[in-house]
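When reading the values below, keep in mind they use all heavy atoms of this one structure, side chains included, and skip hydrogens, waters and symmetry mates. Letters go in sequence order (proteins before strands), and every chain restarts at 1. Keep in mind that this is a model prediction, so the values were computed, not measured.
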Amino acid sequence: MTDSRSSISPVDLAGWPRTEEEAVAEQVRLRPLVEAFGAVPPSAKGQGRGGERVLVAGVDVAYDDENDIVAAAAVLLDLHTLEVVEEATAVGRIAFPYVPGLLAFRELPAVIDALAALGRVPDLVVCDGYGLAHPRRLGLASHLGVLTGLRTLGVAKTPFTFSHQLPGAERGEWTPLVDDTTGEEVGRAVRTRAGVKPVFVSVGHRIGLAEAVDCVLALTPRYRLPETTRRADSLCRRALAELAGKPAEGVGRLVAESVGRSVPAF
DNA sequence: GCGACAG
DNA sequence: ATCTTGTCGC
C-alpha cells in the first residue's frame, strides 16, 4: 500500500450538484475534511530513498461549449527529473456551468476520470486553480483532494478575489496572498521566473503551504507555469481537437485514452 | 443595485 | 476557458 488509496474511483454523476445552492452546500460539507499540512511527497513511504521516485500528476481541462464537451488530461511526471512517466485523457459532457467559486463542479468529474485512467496513483496532484484560497476554503484542488484522498496543491495564474504585494524580482521570492475579509494568508504569490509575473500557490490537501511552494519551484525550472500544468494543458487540448465534429451524444463519459510511458514533444 | 470574479 | 494579429526574443 503506497497511499491512503490504491486506486481512484470516478464520481457518481447522479449525485453531482445541479444547482448553485446544492454546490455551495457540498463545499460547506467537505471543507472540514481538508488537511492543510503535510510534507513534500511521499510521506507514506521512504522519503524518496531507495530509488523510489516521486510521481507528480498535472491535470487540466479544455472545453467545447458548442458541443457540450469537456476533455481532461492527467500527466504523470517524475518530480526529480521532470520526465513524463505516463499520461491519460478522458472526455465527457460538461457537468456544471462556469460560476466563479464553483469551478470544481465543472472540472472535477472529467479530471477524476483522467486520473483514474492512469496506471499508478500519484504522490501529488498539481491543479490549475486554487485550493484553500477560496471564498469557502474549498477550491478545486482541495475539493479534489478530499474526494480522492490524494495530496494536492493549486497553482493559479490570477489573484482571484485576494490581494498581495508583488514579490521580489528573483525566482523563489514570494509574498502572502491575503483574504482581506479575514486577514488570513490563504496562499502565496510566488515568482517562479525572474522578472515574470508571479503565480498564486495554495494548499490543496495533505500538504503545508511552504511545502507546496517548494514543490512548485521544483516544477518550474524554466517557465512561469509548472511542467505538470504545461504538459496537461497541451494534452487536453489535443484530446479535445481529436473530437472535432463528433456529436456530444455518444461521447458519454468514456475514458478516451490511456498511454503509458510516452514522452511527446510539444 | 452594480461590478468583480480560479478556468 | 475561448476567440484572435502581429510581434519580440531565445
Margin query: At less than 4.0 Å, is any side-chain N or O atom of A:Lys157 found next to OP1 or OP2 of B:dA6? Yes or no.
Written below: no

Notebook entry, point to check: If you count the non-hydrogen atoms of other residues, nucleotides and ligands that lie under 6.0 Å from CZ in A:Arg31, is the total more than 12?
Noted result: no

Checklist line | Whole-Å distance separating the CZ atom of A:Phe160 from the C1' atom of B:dG3 | finding: 15 Å

Note to self: Output the rounded distance in Å from CG (A:Leu144) to P (B:dG7).
What the structure shows: 16 Å

Margin query: From CZ of A:Phe105 over to P of B:dA6, roughly how many Å is that when rounded to an integer?
Written below: 17 Å

Notebook entry, point to check: At under 4.0 Å, does any side-chain N or O of A:Thr158 touch on OP1 or OP2 of B:dG7?
Noted result: yes

Notebook entry, point to check: Which nucleotide in the list B:dG7, C:dA1, B:dA6 gets nearest to the side chain of A:Arg106?
Noted result: B:dG7

Check: Can you check the A:Asp60 CG to C:dT2 C1' distance for me, whole Å?
Finding: 13 Å

Margin query: So A:Gly101, base contact, sugar-phosphate only, or nothing? Heavy-atom distance under 4.0 Å.
Written below: base

Note to self: Assess whether a salt bridge exists between A:Asp128 and A:Arg230, defined as any Lys/Arg side-chain N lying under 4.0 Å from an Asp/Glu carboxylate O.
What the structure shows: no

Next item on the list: Would you mind reading off the distance between A:Glu107 atom CD and C:dA1 atom C1', rounded to a whole angstrom?
Entry: 8 Å

Checklist line | Distance in Å, A:Arg188 CZ paired with A:Thr175 OG1, rounded so as to fall on 0.5 Å steps | finding: 9.5 Å

Margin query: Pairs counted only when both distances fall under 3.5 Å, Watson-Crick or G-U: show me the 5' to 3' dot-bracket for DNA chain C, [ ] for pseudoknotted crossings and | for other-strand partners.
Written below: ..........

Next item on the list: Give a yes or no on whether the backbone of A:Val84 and the side-chain of A:Arg231 come within a donor-acceptor separation of less than 3.5 Å.
Entry: no

Next item on the list: Give a yes or no on whether a salt bridge exists between A:Glu184 and A:Arg137, defined as a side-chain N under 4.0 angstrom from a carboxylate O.
Entry: yes

Next item on the list: Tell me what A:Ala62 touches on the nucleic acid: a base, only sugar-phosphate, or nothing, going by heavy atoms under 4.0 Å.
Entry: sugar-phosphate

Margin query: Check whether A:Asp64 reaches the backbone of A:Asn67 with its side chain - one donor and one acceptor, N or O, closer than 3.5 Å.
Written below: yes

Item checked: Listed nucleotide nearest any side-chain atom of A:Leu240, set B:dA6, C:dT2, B:dC5 -> C:dT2

Next item on the list: Let me know the distance between CG of A:Leu177 and P of B:dC5, rounded to the nearest Å.
Entry: 14 Å

Note to self: In whole Å, I'd like the distance from the OH atom of A:Tyr130 to the P atom of B:dA6.
What the structure shows: 9 Å

Checklist line | A:Arg18 CZ: over 12 foreign heavy atoms closer than 6.0 Å | finding: no

Note to self: Is the phosphate of C:dT2 approached by A:Tyr63 (side-chain N or O, under 4.0 Å from OP1 or OP2)?
What the structure shows: no

Margin query: By nearest heavy atom, map A:Asp128 and A:Arg222 onto DNA chain C; which one lands nearer the 5' end?
Written below: A:Asp128

Notebook entry, point to check: Are the side chain of A:Ser202 and the backbone N or O of A:Tyr130 linked by a donor-acceptor pair below 3.5 Å?
Noted result: no

Check: Looking for any heavy atom pair under 4.0 Å, which part of the strands does A:Ile94 touch: base, sugar-phosphate only, or nothing?
Finding: nothing

Margin query: Going by centres under 5.5 angstrom and planes under 30 degrees, do the aromatic ring of A:Tyr98 and the base ring of C:dA1 stack?
Written below: no

Next item on the list: Please state how far atom CG in A:Asp180 lies from atom P in B:dA4, giving the value in whole angstrom units.
Entry: 18 Å

